[in-house]
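A quick note: this is a predicted structure, and the numbers were derived from the prediction, not measured. Every chain is numbered from 1, with letters handed out A, B, ... down the list of sequences.
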Amino acid sequence: MNSWIARFLTSSIGKKVVMSLTGLFLISFLAVHLAGNLQLIGSLDGGQAFNEYAYFMTNNPLIKFTSYGLYAGILLHAIQGILLWRKNIAARGTVRYAVKNDRVASATKSSIYMGSLGTVILIFIIVHMVQFWAQMHFTSNVGDVTYAGAEYAVKDLYTLVKGAYTNIWFVIFYVVSMIFISFHLLHGFESAFQTLGLNHPKWSPLIKTIGRAYAVLVPLGFAIIPILMYIENQQS
Amino acid sequence: MSADNMTLTLKIWRQRNATVKGSFETHTIKGVTSHMSFLEMLDVLNEQIIHAKGQPVAFEHDCREGICGTCSLVINGFPHGPQQYTTTCQLHMRHFKDGETITIEPWRSSAFPIVKDLVVNRDSFDRIIQAGGFVSINTGQAQDGNDIAIEKDQANHAMDAATCIGCGACVAACPNASAMLFTGAKVSHLAQLPQGQVEASQRALRMVEQHDAEGFGRCSNITACEAECPKGISVEHIARLNREYIAATVGSTK
Ligand code: HEM
Ligand code: SF4
Ligand code: FES
């Protein structure tokens with residue numbers, strides 16, 4: 001009955017469209033996530049703004065609903081990505097080239113390593129979720145604070161994050177992971193549009209410029225947070 | 001320009017048939033001139049091998065003027081050699097240096113099984129064409145050339161796609177061994193001409209289905225195909241194929 005849907009989702013183009021749409025969803029999420037997290041740096045109010053923001057993000061029904069979509073999106077993107085990666089290695093055949101020079105027409109060769117880059121990002125996401133998200137949701141390691149004038153207590157996620165970044169190894173892990181995300185997006189951003197068939201002499205150059213700026217600036221924004229918090233920790 | 005009496009070391013892939021394992025064989029060839037084409041150089045090598053009572057190296061060629069798409073070879077890691085926008089038959093020895101070692105391999109893809117040495121079976125491309133890369137209209141008598149008006153830019157773009165010679169370098173170059181540039185060029189060519197409109201959605205659906213069934217890889221938009229295509233076919237045509245495919249999925253009755 002709905003065989004055309006199955007045909008689309010199992011076709012090479014359909015699978016790519018799923019990669020593209022989930023990738024774009026993750027890209028839009030990263031921008032929102034960064035805007036929120038920038039409240040962590042130079043906090044003069046002991047993290048109040050950040051904690052109230054985190055409370056809002058975890059309790060607002062619309063955002064909660066979106067976050068389930070996000071978990072599903074990450075899983076779909078990662079599983080589909082790994083399956084495509086394996087499929088493509090098999091298509092290459094059993095005998096490899098003895099000499100192979102990869103020359104590409106686009107500006108980046110990240111595209112060749114999307115599977116490996118993605119796998120590192122997946123490991124990062126798991127560590128990141130266990131460290132902050134799971135600790136906040138499933139353990140009592142995160143204390144409550146009630147700010148003056150507030151009617152309810154909020155979780156003190158700020159102190160948890162600040163504590164984590166006293167450890168130089170976590171700082172390095174976060175910064176290095178951001179480099180992997182940057183390379184993933186250097187190709188991923190513009191590729192997502194090409195996959196949807198959106199290639200046009202007028203606006204493709206614009207998409208490419210925005211994509212490259214995004215791929216550098218957003219991971220950079222994330223990377224300075226642990227670095228600055230580490231420095232703040234050293235000074236206090 | 002290089003010397004006109006070059007001595008080269010050739011590392012060539014030898015494989016008796018599809019079922020046995022292959023390996024590299026090394027040959028030294030003397031007296032190569034810069035005016036020879038790469039295939040002429042291999043002809044001389046084969047003469048030399050035949051004189052020594054050996055088995056000549058099997059490689060494919062037909063027109064030797066860059067238009068039929070029969071020649072192949074991955075030369076020093078580049079499909080059709082290091083020179084861009086050039087088929088192997090049009091590649092000249094002036095691009096190589098005296099004393100150089102040149103590695104020559106067949107196209108490698110599970111959808112292009114090896115027949116012998118450097119010859120691979122590209123029937124999978126034919127089957128993609130058979131799935132929809134044609135226009136089935138009764139033409140009757142030849143029409144007046146200007147009967148069907150086509151805008152100049154559009155005709156140009158269609159012709160850019162039509163220059164695909166079906167050589168398979170895109171597959172050989174692609175780290176995923178995907179044939180999306182070939183399939184994209186064929187779909188894009190016909191989708192931009194009025195004659196191709198009638199079967200446009202069926203064509204996109206069927207050709208992609210056949211592409212996938214042949215075991216080619218899935219496109220990651222790497223663009224190695226465009227860089228190695230002897231005709232410089234742009235990945236824009238893959239984007240048009242994607243549009244055609246998505247439109248056919250949501251818009252057609254199939
Ligand atoms: C921050 C998280 C991530 C973002 C924003 C992101 C974004 C993207 C985007 C936009 C694309 C391009 C899609 C296209 O070409 O149509 C892509 C491709 C890809 N991603 Fe991710 N990704 C993320 C995480 C991951 C993870 C965790 C994996 C898992 C292993 C992964 C594996 C891949 C692979 C293999 C591709 C290439 C698919 C292909 O073109 O064949 N990504 N990603
Ligand atoms: S797209 Fe280019 S590389 Fe691929 S088959 Fe056609 S001519 Fe050869
Ligand atoms: S032999 Fe015809 S294109 Fe090279």
- [ ] Establish, from distance only, whether the side-chain atoms of Y97(A) and T103(B) form a donor-acceptor pair under 3.5 Å.
- [x]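 No - no donor-acceptor pair under 3.5 Å links their side chains.
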Open item on the list: Can you see whether N242(B) engages T195(A) through a side-chain donor-acceptor pair at a distance of less than 3.5 angstrom?
Closed with: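 Side-chain D/A pair, N242(B) to T195(A): absent.
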Which one wins on heavy-atom pair count under 4.5 Å against chain A: [options]?
options                   : value
K254(B), K21(B), E214(B)  : K254(B)
Q84(B), K11(B), R240(B)   : Q84(B)
G22(B), C225(B), C174(B)  : C174(B)
A111(B), A227(B), G215(B) : A227(B)
A173(B), S178(B), A247(B) : A173(B)

Heavy-atom distance under 4.5 Å between the side chains of [X] and [Y], does that happen here?
X       : Y       : result
I238(B) : Q194(A) : yes
S11(A)  : Y245(B) : yes
S12(A)  : V208(B) : yes
D102(A) : P175(B) : yes
K87(A)  : R218(B) : yes

TODO: Return yes if some donor-acceptor pair links the side-chain N/O of S191(A) with the main-chain N/O of N221(B) below 3.5 Å, else return no.
DONE: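 The answer is no, because no donor-acceptor pair under 3.5 Å joins these two groups.
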Can you confirm whether more than 12 heavy atoms, excluding those of [X], are under 6.0 Å from its [atom1] atom?
X       : atom1 : result
F138(A) : CZ    : yes
F78(B)  : CZ    : yes
Q80(A)  : CD    : yes
F59(B)  : CZ    : yes
R14(B)  : CZ    : yes

Contact part of [X] toward chain A, heavy-atom cut-off under 4.5 Å: side chain, backbone, both or neither?
X       : result
A172(B) : both
P106(B) : backbone
F216(B) : backbone
C219(B) : backbone
F112(B) : neither

Would you compute the distance between atom [atom1] of [X] and atom [atom2] of [Y] and round it to the nearest 0.5 angstrom?
X       : Y       : atom1 : atom2 : result
I112(A) : S220(B) : CD1   : OG    : 10.0 Å
K15(A)  : D212(B) : NZ    : CG    : 8.0 Å
I222(B) : N88(A)  : CD1   : CG    : 7.5 Å
E244(B) : I13(A)  : CD    : CD1   : 10.0 Å
F8(A)   : I246(B) : CZ    : CD1   : 5.5 Å
E226(B) : R103(A) : CD    : CZ    : 12.0 Å

Open item on the list: Please evaluate residues R7(A) and L205(B) with respect to the criterion side chain to side chain contact (heavy atoms under 4.5 Å, CB included), reporting the C-alpha separation (whole Å), side-chain torsions for both, the decisive distance (0.1 Å), and the verdict.
Closed with: CA-CA 10 Å; R7(A) 179 188 65 201; L205(B) 293 174; 3.7 Å; yes
Of the non-hydrogen atoms in [X] and [Y], which two are nearest, and what is the gap between them?
X       : Y       : value
E105(B) : V99(A)  : OE2-N, 3.1 Å
S110(B) : A90(A)  : OG-O, 3.7 Å
V95(A)  : R108(B) : O-CD, 3.1 Å
V171(B) : R92(A)  : O-NH2, 3.3 Å
E228(B) : N101(A) : OE2-O, 4.4 Å
G217(B) : A91(A)  : N-CB, 3.4 Å

- [ ] With a 4.5 angstrom heavy-atom cut-off, could you sort out which part of R96(A) is near chain B: side chain, backbone, both or neither?
- [x]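 Just the backbone, heavy atoms under 4.5 Å.
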